[in-house]
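Each remark here refers to the structure printed beneath this line.
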Amino acid sequence: MKFRGKIVDVACLNHFTRVITTISKLTKMCVLRLTPDNLFFVLSGKVANGGVSMWCELPQANFFDEYQMEGVSSEANEICLEVTPENLSRALKTVQNAKAVKVKLTKKHCPCLTIAAELPTLSSISRVVTHDVPVDVIARRLWHEFKEPSMPDFDVSIYLPPLKTMKNIVDKMKNLSNFLVIEANLSGEMNMKIETDLVSVTTHFKDLGNPPWGDDASQDSGPSQSRDPDIMAQARVDIRKLQQFLMGQQVNPSKAMCNIVHQRVVHLILLHEDVSLQYFIPAVA
């Protein structure tokens, strides 16, 4: 197994760092899956994660000027590593003004992602800063746990309001309840509401629009096609998990969408040119 990459463009380095920082806000540990064309950051929806799962996809060519990898074998040309994204984020934040940053899979006292940055200098002597980020290599027999999650057969898909607005609302609602109900319909309306013995609060959004999944939708003329556009699909979720998602956003997505499987799951999708981030929050009874 071999992996090495090099980022020279400062804008690419900054963008890559923002993506890693976003992921570090969503999870303490995740799997970095390296393939010849893409990098994937994956969190599988285990009970230990509260059922939350995540899938973030980055085309390597949009970030790296040089990228070489050899997987475990020619027919399984991938590398899967368990990483702590916060450690990766910290290392990258310290080298934002570097002339070039190299990332390499190395074997020190344990497997590491070694980040070596060539820093600008006034003299002819070059300065190189190196960070070793420990990783665990994941055995091939476990790879099946880290495949792309299938698009759920959602009842409603809707564009989200500005994430900052959602965050401000969720921050206030969190003081009143541990759970929040998200509901939406095919008329571009979405509500966020909490209900307790003492208080009931609802925030209404309208004219958000519904993504034109058409024939590409997972249900392929399933429930959404014949569904009454005014009927709400809803899911009750742990408000902390939604807050965590909204707090971490540094990607500035060009599109943000929400798919709801009635009373089962909230599937959040952020798209930004070269990055896609999917986040699944299971519903609670």
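This structure is a prediction, so every number in the text was calculated from the model and none was measured.
Taking the six-membered ring for Trp and the full ring otherwise, the centers of F3 and Y67 sit less than 6.0 Å from each other. Annotation: F154 is not in aromatic contact with H267 [ring centroid separation under 6.0 Å not met].
When all heavy atoms of T35 and M69 are compared, the pair lying nearest together is C-SD, 3.7 Å. The nearest pair of heavy atoms linking L160 to C258 is CD2-CB, 3.5 Å. Nearest heavy-atom pair, D274 versus P59, reported as atom, atom and distance to 0.1 Å: O-CD, 2.7 Å. Closest heavy-atom contact between C12 and I7: CB-CG2, 4.1 Å. Taking every heavy atom of both residues into account, H15 and V275 meet most closely at NE2-CG2, 3.8 Å. Considering every non-hydrogen atom in both P85 and I20, the closest pair reads O-CG2, 3.6 Å.
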Item to check | R33 vs E78, salt bridge (charged side-chain N to carboxylate O under 4.0 Å, His left out): CA-CA, chis, key distance, verdict | outcome: CA-CA 7 Å; R33 190 174 148 216; E78 294 185 15; 2.9 Å; yes
Next on the checklist: Set out, in order, the CA-CA distance, both residues' side-chain angles and the distance that settles salt bridge (charged side-chain N to carboxylate O under 4.0 Å, His left out) for E118 and K99, then state yes or no.
Outcome noted: CA-CA 6 Å; E118 187 185 339; K99 289 197 282 184; 3.5 Å; yes
Checklist entry - Does the side chain to side chain contact (heavy atoms under 4.5 Å, CB included) test come out yes or no for R227 and L186, once each step is laid out? => result CA-CA 8 Å; R227 188 181 178 86; L186 295 172; 3.9 Å; yes
Next on the checklist: D171 vs K174, test: salt bridge (charged side-chain N to carboxylate O under 4.0 Å, His left out). Steps then yes/no.
Outcome noted: CA-CA 5 Å; D171 285 348; K174 183 174 171 284; over 6 Å; no
Next on the checklist: Walk me through whether L58 and F16 qualify under side chain to side chain contact (heavy atoms under 4.5 Å, CB included).
Outcome noted: CA-CA 9 Å; L58 314 177; F16 187 62; 3.7 Å; yes
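Looking at H204 and N191, their side chains do bring a donor and an acceptor atom within 3.5 Å of each other. A donor-acceptor pair shorter than 3.5 Å cannot be found between the side chains of N38 and Q60. Judged purely by distance below 3.5 Å, without hydrogens or angles, the side chains of T94 and H131 pair a donor atom with an acceptor atom. Checking S187 against D230 by side-chain atom types alone, a donor-acceptor pair falls below 3.5 Å. With hydrogens and angles left out, the side-chain atoms of D132 and T114 include a donor and acceptor closer than 3.5 Å. In this model, a donor atom of one side chain and an acceptor atom of the other lie less than 3.5 Å apart for T21 and S89.
Ring geometry for F245 versus Y279: interplanar angle under 30°, hence parallel rather than tilted (30 to 60°).
Taken to the nearest 0.5 Å, the OG1 atom of T165 stands 10.0 Å off from the CE atom of M192. D228 contributes atom CG, which lies 8.5 Å from atom CG of N185 (distance to the nearest 0.5 angstrom). Atom CE of M54 and atom OG1 of T22 lie 10.5 Å apart (nearest 0.5 Å). For the atom pair OG (S276) and CG (L270), the distance works out to 9.5 Å, reported to the nearest 0.5 Å. The line from CG of L26 to CZ of F41 is 12.0 Å long, rounded to the nearest 0.5 Å. One finds the CE atom of M29 at 12.0 Å from the CD atom of E86 (value rounded to the nearest 0.5 Å).
The number of heavy atoms from other shown groups lying within 6.0 Å of CZ (R236) is above 12. By the neighbour-count criterion of 12 heavy atoms within 6.0 Å, atom NZ of K255 is sparsely surrounded, having that number or fewer from other residues, nucleotides or ligands.
When side chains are defined from C-beta on, N97 counts as touching P120, because their heavy atoms get closer than 4.5 Å. Residues E189 and E183 have side chains not in contact (no heavy-atom distance under 4.5 Å, counting atoms from C-beta outward).
In the hydrophobic clustering of ILVMFWY residues, with side-chain heavy atoms under 4.5 Å counting as a link, L208 and M232 come out apart.
Of the listed residues (L277, I269, L163), just one forms a side-chain contact (heavy atoms from CB on, under 4.5 Å) with P253, and that residue is L163.
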